[in-house]
Amino acid sequence: MKTLTTCILSLIVLLSFKGIEPEKSQRIATVPTQTFNHSIFNNLLQKHVSQEGNVDYKGFKTDAKKLNDYINVLQSNHPTNSWAKKDKLAYWINAYNALTIDLIIRNYPIKSIKDLKNPWGQRLWKLGDTWYNLEDIEHEILRKMNEPRIHFAIVCASYSCPKLQNEAFTAARIEDQLTKATKEFLSDKTKNELSKDDIKISKIFRWFKKDFEHHGSLIDFLNQYSDINISAKARIDYSDYNWNLND
């Protein structure tokens, strides 16, 4: 009788654990992933970049320590395979823009990023265990993420580039921020002139044409973000690119 009672109690305990295990697993699975905090860079952008995208590089130079603090945070929080795509996009877009600013203020005052020798190939920054240059981040990471709107979020410190947003990109808002940056660039008549049958657009669309054709033609892409309905047979010209500093 004692043996039977012990067996019954053991069975009750076993069933109790089995009953709570799914709840425990479900509770762990629903814990949100902590996203990367870009507040240092966000504060710097709001302080030194105008709504129009003009950059106060002299101001950034006075705040070089804070910019370096942010780069150190990037260095010690390198993305892993477990990061969601939106987290990786925000990280690498902000990294590209912060490192471009760092490159400029290391050499400031200058009139153009092209005054520097091989500006996109200088391997100056260690993130995680790897030394990066701007080419690596743009071509080997961001362009391979199948998100063409990154071309309007990363800024090469030049007048004809898309404007530098005066806020950091974040995982929570990345979709809206990329759409906003794309629409602003297309509606800027100093960068793109759009009409139904004739368009004169940035050379970004020629240099990276295949990036905009993942889901249709270049015109299809433009029509997603333009207020003007461009004809599929529209005549396309490209504007000269102004490499003067975007200050």
Side-chain angles (χ1 to χ4, degrees), residues 36-77 89-127 131-139 141-142 149-170 177-178 180-182 184-185 187-192 202-204 207 239-247:
F36 186 91
N37 189 334
H38 297 282
S39 60
I40 298 174
F41 191 44
N42 187 73
N43 293 338
L44 287 170
L45 290 170
Q46 292 189 337
K47 184 177 180 182
H48 299 302
V49 181
S50 72
Q51 289 287 344
E52 294 73 31
N54 298 319
V55 184
D56 178 10
Y57 289 106
K58 185 176 180 180
F60 264 112
K61 196 171 180 70
T62 63
D63 269 337
K65 183 183 181 303
K66 289 182 181 178
L67 180 62
N68 193 57
D69 287 343
Y70 177 65
I71 294 172
N72 287 336
V73 173
L74 292 172
Q75 192 276 331
S76 58
N77 291 274
L89 278 168
Y91 177 97
W92 288 114
I93 290 170
N94 289 329
Y96 184 97
N97 290 337
L99 301 184
T100 299
I101 294 168
D102 184 54
L103 177 65
I104 296 299
I105 66 173
R106 286 178 186 227
N107 298 277
Y108 193 79
I110 56 174
K111 293 183 178 180
S112 168
I113 191 172
K114 297 192 82 174
D115 291 343
L116 306 177
K117 183 179 179 180
N118 191 23
W120 295 282
Q122 296 185 31
R123 207 172 295 280
L124 300 174
W125 306 278
K126 187 179 182 183
L127 306 179
W131 287 90
Y132 287 92
N133 58 32
L134 297 174
E135 284 181 345
D136 294 332
I137 297 173
E138 180 177 10
H139 301 297
I141 299 174
L142 283 169
R149 293 174 297 174
I150 60 102
H151 291 293
F152 315 110
I154 58 175
V155 181
C156 61
S158 303
Y159 179 81
S160 286
C161 292
K163 79 174 191 180
L164 181 62
Q165 300 291 324
N166 69 343
E167 64 175 4
F169 286 81
T170 64
Q177 288 177 307
L178 288 173
K180 175 176 177 284
T182 304
E184 285 182 346
F185 184 70
S187 65
D188 185 345
K189 291 182 171 58
T190 67
K191 313 288 175 62
N192 301 281
S202 167
K203 284 184 178 176
I204 289 172
W207 296 331
S239 303
D240 291 333
Y241 211 82
N242 184 343
W243 290 100
N244 288 336
L245 208 63
N246 60 341
D247 55 358

Q: Go through Asn133 and Leu124 one step at a time and tell me if the side-chain contact (heavy atoms from CB on, under 4.5 Å) criterion holds.
A: CA-CA 6 Å; Asn133 58 32; Leu124 300 174; over 6 Å; no

Q. Which pair of heavy atoms, one from Ser239 and one from Lys191, lies closest together, and at what distance?
A. OG-O, 3.9 Å

Q | Residue pairs, two or more places apart or on separate chains, that pass ring-ring contact (aromatic ring centres under 6.0 Å, His included) and touch residues 39-69 | A | Phe41-Tyr70, His48-Phe60

Q. So among Gln51, Lys180, Gln177, which one has a side chain to side chain donor-acceptor pair (under 3.5 Å) with Gln165?
A. Lys180

Q: Check step by step if side-chain contact (heavy atoms from CB on, under 4.5 Å) holds for Ser202 and Trp207.
A: CA-CA 9 Å; Ser202 167; Trp207 296 331; 5.9 Å; no

Q.
With a 4.5 Å cut-off on side-chain heavy atoms, are Asn42 and Thr170 touching?
A. no

Q. Which atom names give the shortest non-hydrogen contact between Ala168 and Leu45, and what distance separates them?
A. N-CD1, 3.6 Å

(Q) So does Ile105 get a backbone contact from the side chain of Lys61, meaning a donor-acceptor N/O pair under 3.5 Å? (A) yes

Q. Is Leu103 close to Ile113 at the side-chain level, that is, under 4.5 Å between some pair of heavy atoms?
A. yes

**Q.** Any Trp125 side-chain heavy atom under 4.5 Å of Ile137 side chain
**A.** no

Q.
Test your reading of the model: is there a side-chain donor-acceptor pair from Asp188 to the backbone of Glu184, 3.5 Å cut-off?
A. no

Q.
For Arg123, is there an ion pair with Asp136 - N to carboxylate O distance below 4.0 angstrom?
A. yes

Q: Can you measure from CG (Asn94) to CD1 (Ile71) and round to the nearest 0.5 angstrom?
A: 12.0 Å

(Q) With a 4.5 Å cut-off on side-chain heavy atoms, are Asn107 and Pro119 touching? (A) no

Q | Asn246 side chain vs Lys163 backbone, donor-acceptor pair below 3.5 Å | A | no

Q: Any chance you could measure Leu99, atom CG, to Trp92, atom CH2, to the nearest 0.5 Å?
A: 8.5 Å

**Q.** Reported CG-to-CD1 distance for the pair Leu116 and Ile104, which is rounded to 0.5 angstrom
**A.** 5.5 Å

Q | Neighbour count >12 (heavy atoms, 6.0 Å) for atom NZ, Lys66 | A | no

Q. Does the side chain of Asp56 come within less than 4.5 Å of Val49's, by heavy atoms?
A. no

Q | OH on Tyr108 to CG on Asp247, rounded to 0.5 Å | A | 5.5 Å

Q) At what distance, to the nearest 0.5 angstrom, does NE2 of His38 lie from CZ of Phe169? A) 11.0 Å

**Q.** Exam field: side chain Asn68 to backbone Asp102, donor-acceptor pair closer than 3.5 Å
**A.** no

Q: Report the distance from atom OG of Ser160 to atom CG of Asp240, rounding to the nearest 0.5 Å.
A: 8.5 Å

Q: Please report the shortest heavy-atom distance between Ile93 and Leu178, naming the atom on each side.
A: CD1-CD2, 4.0 Å

Q. Looking only at atom types and distance, does a side-chain atom of Ser112 sit under 3.5 Å from a main-chain N or O of Trp243, one as donor and one as acceptor?
A. yes

Q | Closest contact, heavy atoms only, Ile154 versus Glu138 | A | CD1-CG, 3.8 Å

Q: Spell out, as yes or no, whether a donor-acceptor pair under 3.5 Å connects the side chain of Ser39 to the backbone of Asn37.
A: no

Q: Check the pair Tyr96 / Leu134 against side-chain contact (heavy atoms from CB on, under 4.5 Å), numbers first and verdict last.
A: CA-CA 6 Å; Tyr96 184 97; Leu134 297 174; 3.8 Å; yes

Q: Please report the shortest heavy-atom distance between His151 and Ile204, naming the atom on each side.
A: CB-CG2, 4.1 Å

Q) Do other residues, nucleotides or ligands put more than 12 heavy atoms under 6.0 Å from Tyr159 OH? A) no

Q) Backbone N or O of Leu245 within a donor-acceptor pair of the Lys111 side chain at under 3.5 Å? A) no

Q: For Leu74 and Tyr132, run side-chain contact (heavy atoms from CB on, under 4.5 Å): C-alpha distance rounded to whole Å, both residues' side-chain angles, the deciding distance at 0.1 Å, then the answer.
A: CA-CA 12 Å; Leu74 292 172; Tyr132 287 92; over 6 Å; no

Q) Are side-chain heavy atoms of Ile40 and Leu67 found at a separation under 4.5 Å? A) no

Q: Mind jotting down which residue pairs meet the salt bridge (Lys or Arg N to Asp or Glu O under 4.0 Å) criterion with at least one end in residues 151-162? Sequence neighbours excluded, please.
A: none

Q) Just wondering, more than 12 heavy atoms not from Lys203 lying within 6.0 Å of its NZ? A) yes

